[in-house]
*Asks:* 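Can you keep this structure in mind? I'll have questions shortly.
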Amino acid sequence: MKYAYEDLNSDQFETLIVFLCQHLLGISVQGFSRGPDGGRDAKFVGTAELHPSKASPWIGTIIIQAKHTNGYNRHFSEADFSGGVNSIVGKEIQRIKKLRHSKQLDHYMLFANRRLAGNAESDIRAQISKECDIPESSIYLCGIEQLEIFLKTFPEVALKANLDPVDSPLIVSSDDLAVVVQALAKYRTALSAVIDTPPVPRIPYERKNELNNMTEAYAKEQRRRYLKDTSQIRTFLAAPENIDLQRLYESVTEEFQLKITSKRKDHQSFDCVMEYLVELLFSRDPILCQLAHKRLTRAVLFYMYWNCDIGELDDA
């Protein structure tokens, strides 16, 4: 099977990589707790059992890094990952240099739930080798294609890592929402010319905020910015020609509400829920993160809340 690595959280992904490396290198692979890691998520000291091969294993101190993203279909070659000194690889290089200088690194492994093309693998490995004075043969990059092979070879790794969807963070799909937002953006100008009826909430806004533990300041700012958009969104979704978009919207809100309900304990206030959803949607979908769609995405999320499609109600 293929695992939805983007639906894991960072801790789950790191745990998965530690268990995998125990098979590749040896049982003494040591994982580290959350916090400043000095450029290492895990470490192995000794002679590797299987990597790169039984005939010619790595010997010495092996530093292991696991870089997780909630984004869909991401690549090693993207600018945020390997595009300069402020990219993930750029920052890793600075940490590798320190470990190399203090003789705490002989070999380096970098795992990420991103796609890894052959040219990107060669370029990144050569860059790390040149800047950190490490032989290219002592650097290993692993993307999701190879991860799938490893997990088929060592199926017990996934079991040890407890890859259970119940334990996943508040992760929602962005695909259907992107279709709604894109369609709404296209017709919004025409809608604004005919809408002048103010929206009416199902329950008082203040009462809903109290039920959901949304702070007064955040609720006030949300209403100030996006209340004027709710009538346009409602009219757009209610139009007979948009029945398919209405069904998509209902599918989105049903998923969001169920996920929020099941994971609400992880977020102290609904402010955090809303901002978490916004950041997640922008990171996962190239349509929603476009400058022209960012504000509209926030407006649609506010509409979901204002329209009582997400969040607790009086009968909760």
Side-chain angles (χ1 to χ4, degrees), residues 4-10 13 67-91 112-117 120 124 143-144 168-189 191-192 218 221-222 224-230 232-233 236-237 242 244-245 248-257 259-260 263 266-267 270-307 309-311:
Y5 301 104
E6 67 276 0
D7 286 349
L8 304 178
N9 60 35
S10 296
F13 187 69
K67 296 300 180 182
H68 178 263
T69 175
N70 289 132
Y72 284 124
N73 196 29
R74 303 301 297 272
H75 294 256
F76 271 69
S77 58
E78 291 180 60
D80 70 309
F81 193 82
S82 59
V85 294
N86 292 320
S87 67
I88 290 173
V89 170
K91 292 176 181 177
N113 61 319
R114 295 171 179 256
R115 298 189 180 280
L116 179 59
I124 295 172
I144 56 175
S168 65
L170 201 174
I171 300 291
V172 292
S173 173
S174 62
D175 299 348
D176 290 347
L177 181 61
V179 175
V180 174
V181 168
Q182 198 171 30
L184 182 57
K186 183 177 179 181
Y187 292 102
R188 197 172 178 198
T189 302
L191 279 171
S192 63
Y218 186 86
E221 188 64 19
Q222 287 278 101
R224 183 183 73 83
R225 289 179 178 272
Y226 307 118
L227 181 60
K228 58 183 177 292
D229 298 294
T230 56
Q232 296 181 29
I233 296 171
F236 174 79
L237 292 173
N242 293 331
D244 290 340
L245 292 171
L248 277 180
Y249 172 83
E250 291 171 353
S251 174
V252 169
T253 55
E254 180 178 352
E255 180 192 3
F256 281 26
Q257 176 68 345
K259 289 289 183 69
I260 290 171
K263 294 296 179 181
D266 299 333
H267 302 270
F270 215 82
D271 308 22
C272 296
V273 173
M274 295 288 276
E275 289 304 305
Y276 177 90
L277 286 174
V278 167
E279 291 177 11
L280 179 65
L281 291 168
F282 289 164
S283 70
R284 302 193 94 182
D285 198 283
I287 293 175
L288 297 180
C289 71
Q290 291 177 17
L291 185 61
H293 294 155
K294 278 190 171 183
R295 186 191 177 282
L296 188 52
T297 300
R298 283 186 174 273
V300 172
L301 281 176
F302 174 77
Y303 174 79
M304 290 179 184
Y305 180 78
W306 177 271
N307 203 48
D309 294 320
I310 60 174

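Keep in mind the model is a prediction, meaning the values are calculated, not measured.
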*Asks:* Provide the closest heavy-atom pair for Met304 versus Val252 in the form atom of the first, atom of the second, distance.
*Replies:* CE-CG1, 3.6 Å

*Asks:* Just how far is it from atom CG of Leu301 to atom CH2 of Trp306, taken to the nearest 0.5 Å?
*Replies:* 15.5 Å

*Asks:* Minimum heavy-atom separation for Leu237 to Leu245, with atom names?
*Replies:* CD2-O, 4.2 Å

*Asks:* Is there a donor-acceptor pair under 3.5 Å between the side chain of Asn70 and the backbone N or O of Leu8?
*Replies:* yes

*Asks:* Which value, rounded to the nearest 0.5 Å, describes the distance between Leu184 atom CG and Asp229 atom CG?
*Replies:* 8.5 Å

*Asks:* Nearest 0.5 Å, please: how far is CD in Glu255 from CD1 in Ile260?
*Replies:* 10.0 Å

*Asks:* Taking the side chain as C-beta and beyond, is there a heavy-atom pair between Leu227 and Thr230 under 4.5 Å?
*Replies:* yes

*Asks:* Any idea which heavy atoms bring Asp309 and Asn307 closest together, and the distance?
*Replies:* OD2-ND2, 3.0 Å

*Asks:* Indicate whether the side chain of Tyr305 and that of Gln222 have a donor and an acceptor atom separated by less than 3.5 Å.
*Replies:* no

*Asks:* Taking all heavy atoms of Val181 and all of Leu296, pick out the closest pair and write down the distance.
*Replies:* O-CD2, 3.6 Å

*Asks:* How many angstroms lie between atom CG of Leu281 and atom CZ of Arg298, to the nearest 0.5 angstrom?
*Replies:* 10.5 Å

*Asks:* Can you confirm if the aromatic rings of Tyr303 and Tyr249 lie within a centre distance of less than 6.0 Å?
*Replies:* yes

*Asks:* Above 12 or not: heavy atoms from other molecules or residues under 6.0 Å from CD of Glu250?
*Replies:* yes

*Asks:* Could you tell me which non-hydrogen atom of Glu221 sits nearest to which non-hydrogen atom of Arg224, and how far apart they are?
*Replies:* OE2-NH2, 2.6 Å

*Asks:* Does Tyr5 reach the side chain of Ile144, with side-chain heavy atoms less than 4.5 Å apart?
*Replies:* yes

*Asks:* I'd like to check Phe302 versus Arg225 (side-chain heavy atoms, cut-off strictly below 4.5 Å). Are they in contact?
*Replies:* no

*Asks:* From Phe81 CZ over to Leu116 CG, what is the distance, rounded to the nearest 0.5 angstrom?
*Replies:* 8.5 Å

*Asks:* Should Arg114 and Glu6 count as an ion pair when the cut-off is N to O under 4.0 Å?
*Replies:* no

*Asks:* What residues, two or more places apart in sequence or in another chain, satisfy ring-ring contact (aromatic ring centres under 6.0 Å, His included) together with Tyr226?
*Replies:* none

*Asks:* For His68, what residues pass the ring-ring contact (aromatic ring centres under 6.0 Å, His included) criterion, not counting sequence neighbours?
*Replies:* Phe13

*Asks:* Working to the nearest 0.5 angstrom, can you tell me the gap between Ile88 CD1 and Lys67 NZ?
*Replies:* 6.5 Å

*Asks:* Closest heavy-atom contact between Ser87 and Ala79?
*Replies:* CB-O, 3.4 Å

